[in-house]
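What follows is a single structure, written as structure tokens, with notes after it.
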Protein chains: 2
Amino acid sequence: MSNIRDVAKVAGVSIATVSRALSAPETVSKKSLKKVHDAIEQVQYKPNMLARNFRRHRAFTIVVLVPNMANTFFATVVRGIEDVMQQHGFGVLLGDTRDQRKREEEYLKLVETRQADGVIQLRPYWEGDSILPKDDIIAVNAAGCEDTPYPCVRIDNAGAAKTATDYLLSLGHKRIGVITGLSENPHTIDRLKGYRQSLENAGIDSCEEWVAEGEFTMWSGLNAAQHFIRIPKEERPTAILSMNDEMAIGAIKGFRAAGIKVPQEMSIIGFDDIEVSRYAEPALTTIAQPAEEIGKAAANMLLRLIEGKELRQSDYILPYEFVVRSSSVPFSG
Amino acid sequence: MSNIRDVAKVAGVSIATVSRALSAPETVSKKSLKKVHDAIEQVQYKPNMLARNFRRHRAFTIVVLVPNMANTFFATVVRGIEDVMQQHGFGVLLGDTRDQRKREEEYLKLVETRQADGVIQLRPYWEGDSILPKDDIIAVNAAGCEDTPYPCVRIDNAGAAKTATDYLLSLGHKRIGVITGLSENPHTIDRLKGYRQSLENAGIDSCEEWVAEGEFTMWSGLNAAQHFIRIPKEERPTAILSMNDEMAIGAIKGFRAAGIKVPQEMSIIGFDDIEVSRYAEPALTTIAQPAEEIGKAAANMLLRLIEGKELRQSDYILPYEFVVRSSSVPFSG
DNA sequence: CTGAAAGCGCTAACAT
DNA sequence: ATGTTAGCGCTTTCAG
């Protein structure tokens, strides 16, 4: 393994010149530059980034905290993050936390011990259960919720849920159910707000029976369907807003298994617009979050922060789209 | 930011003792240990891993090369890798290559420049189009194919494809189609081998028309369905083996759109057993790859290699499972 | 534009 | 069991 000294020797220049030739070529004469490059070629020099980063007090690495990498939505956000980070010469360390606080802490240590320069958190901020914000830790939240006390890029969750519910109302549905995430989850709270607002505007009293708690997994969506199936048909919602696509897919499975036709007897709207949703049977009407864009925006924010720059805004809201497909149809009493 | 020197001063010991207290506590007296820990607490010392890794000539980081992180199967393998790595104090750098060779090379540089100690490649080895194996780069292939010229953990792809085809045969199907990945993709080759073997054993001449080329995406699966739909009904396969679940899901969508009933008129078998497959309509019969286990095994292999140990075997084959669900039914001519 | 030299924070001989 | 000390490979003043 050759080092900068070997290159200097072969090139007949000082190590300082070699160093400059690599990190600030414009400050070196063409002649020296050529000598250095030839020498690098000759001794097969590969700079030791471990040494370089150490010296520069920068890891050129960030860590991303993901509740579950196998979730397509999260994976897509991470792709966006990774794309801009790699363009800027930064590596992305994967922190699949599996919803465990201990793992979050473990990964955060990478930042405290300088192995990473900052962190992007994909779990929404949760008062009383959040390891961020933290002094001396540069962090950005991606795809989070309202009132996140550190820089954040997200969509208007309440607005999106309201849009979807409004749409169901416009189709003539009067009893509209909702499948939520865990009740304390901020996404649940924000989206429930929009859902309730919509019903209220329409003069409909929302009913406790219409709310089924899930946990953002297909399995829990299927479970939630059971809840609605148990309600007598005359009182049962005729349409449901699911707070993500996974649960919507699970719920469809549940309803079909019970002989309830989707969408004829039960309209369903999802949230996120993951890739499989358009291939679901029926194709899912859903709120499309710009997952990759969210990731990119979060990455750019974090880079600015790492470079010590100011942020133009610290609650960056991206537009969502409402995508109508086949899982939602007019009410047919 | 305090350093080891500050700790030593406060504790009244030498920096060597502090260093040892952290990395080899058993070689330090209880008394010194306590002094050190108290001092660490007092000055809020956090070791600078950048310095430590530099000094130890090790990044304690690996990089994983993934063709597409948004693919659930890959994401699950990565989870397995990450789990093992984090238990061993190693970070996992994400290298989403988006099927671009340039990106692969970019990420491989992280190993050459010592920012990572090794690499796990999730793209199958491809003669003439592979950046691995490479001298001085410690690498393991995960979920790859036969005859990979560097350490590899995988399933028996040919055997799995044969199992699935045999099953279709046993259900009475005589015309059995297959949706492949790109024709040069080693997975395509290995699995096609099993498929052909099965037909041959049954004395059936496999027909070129029965093979539709996809590229492992839902969209290409839907496309492949079009191919089969164009074949006159009397000659059309009555069952299809798809080389992954995504394409199977796309194909089902395609057949349904054309009014062909799945599974009544067309049985379909997938490959991988990603989570959504059991929620598909109909639930997918499929080859279940032990994705997370593959990741864990690959991670353990890589760790041994990084530590300079020998491998017990360099082509590690894990068992697959054949999962029968509702997308495959007996032939009903 | 170039070179000499002083470390960055830590580990690992080596000596005690 | 502990301390002294010499770097790891690189960047970055500071002179020239």
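Chain letters run A, B, ... following the sequence lines, proteins first and then strands; every chain starts at 1.
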Can you see if the side chain of [X] gets near the phosphate of [N] - specifically, an N or O under 4.0 Å from OP1 or OP2?
{"X": "B:Thr17", "N": "D:dA1", "answer": "no"}
{"X": "B:Ser32", "N": "D:dT2", "answer": "yes"}
{"X": "A:Ser19", "N": "D:dT11", "answer": "yes"}
{"X": "A:Arg20", "N": "C:dT2", "answer": "no"}
{"X": "B:Arg52", "N": "C:dG9", "answer": "no"}

Tell me the interatomic distance from [X], atom [atom1], to [N], atom [atom2], rounded to whole angstroms.
{"X": "A:Lys46", "N": "D:dC8", "atom1": "NZ", "atom2": "P", "result": "21 Å"}
{"X": "A:Asn48", "N": "C:dG9", "atom1": "CG", "atom2": "C1'", "result": "15 Å"}
{"X": "A:Met1", "N": "D:dC10", "atom1": "CE", "atom2": "P", "result": "9 Å"}
{"X": "A:Phe54", "N": "D:dG9", "atom1": "CZ", "atom2": "C1'", "result": "9 Å"}
{"X": "A:Arg5", "N": "D:dG7", "atom1": "CZ", "atom2": "P", "result": "11 Å"}
{"X": "A:Lys9", "N": "D:dG9", "atom1": "NZ", "atom2": "P", "result": "12 Å"}
{"X": "B:Asn3", "N": "C:dC8", "atom1": "CG", "atom2": "P", "result": "8 Å"}
{"X": "B:Arg114", "N": "D:dG9", "atom1": "CZ", "atom2": "P", "result": "8 Å"}

Aromatic ring pairing A:His187/A:Phe216, orientation class (parallel under 30°, perpendicular over 60°, tilted between):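 The rings of A:His187 and A:Phe216 stand perpendicular, inter-plane angle above 60°.
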
Sugar-phosphate only, base, or nothing, as touched by B:Ile15 at under 4.0 Å among non-hydrogen atoms: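 Contact class for B:Ile15: base.
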
The single option from B:Asp272, B:Asn157, B:Thr76 passing side-chain hydrogen bond (donor to acceptor under 3.5 Å, both in side chains) against B:Gln289: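 Result for side-chain hydrogen bond (donor to acceptor under 3.5 Å, both in side chains) with B:Gln289: B:Asp272.
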
Test: B:Lys109 and B:Glu106 ion pair at under 4.0 Å: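 Yes, B:Lys109 and B:Glu106 are salt-bridged.
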
Among D:dG3, D:dC10, D:dT2, the one nearest B:Ser29 by side-chain distance: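 Between D:dG3, D:dC10, D:dT2, the one nearest the side chain of B:Ser29 would be D:dT2.
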
Nucleotide nearest A:His57 when distance is taken to its side chain, options C:dC8, D:dT12, D:dG9: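 So the nucleotide nearest the side chain must be C:dC8.
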
Nearest-nucleotide 5' precedence on DNA chain D, B:Ala16 against B:Ala51: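 So the residue in question is B:Ala16.
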
Distance-only side-chain donor-acceptor flag, B:Gln121 / B:Asn141, under 3.5 Å: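 There is no such pair (donor and acceptor under 3.5 Å, judged by atom type) between the side chains of B:Gln121 and B:Asn141.
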
For B:Phe90 against B:Thr61, the heavy-atom pair lying closest together: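 Between these two residues, the closest heavy atoms are CD2-N, 3.5 Å.
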
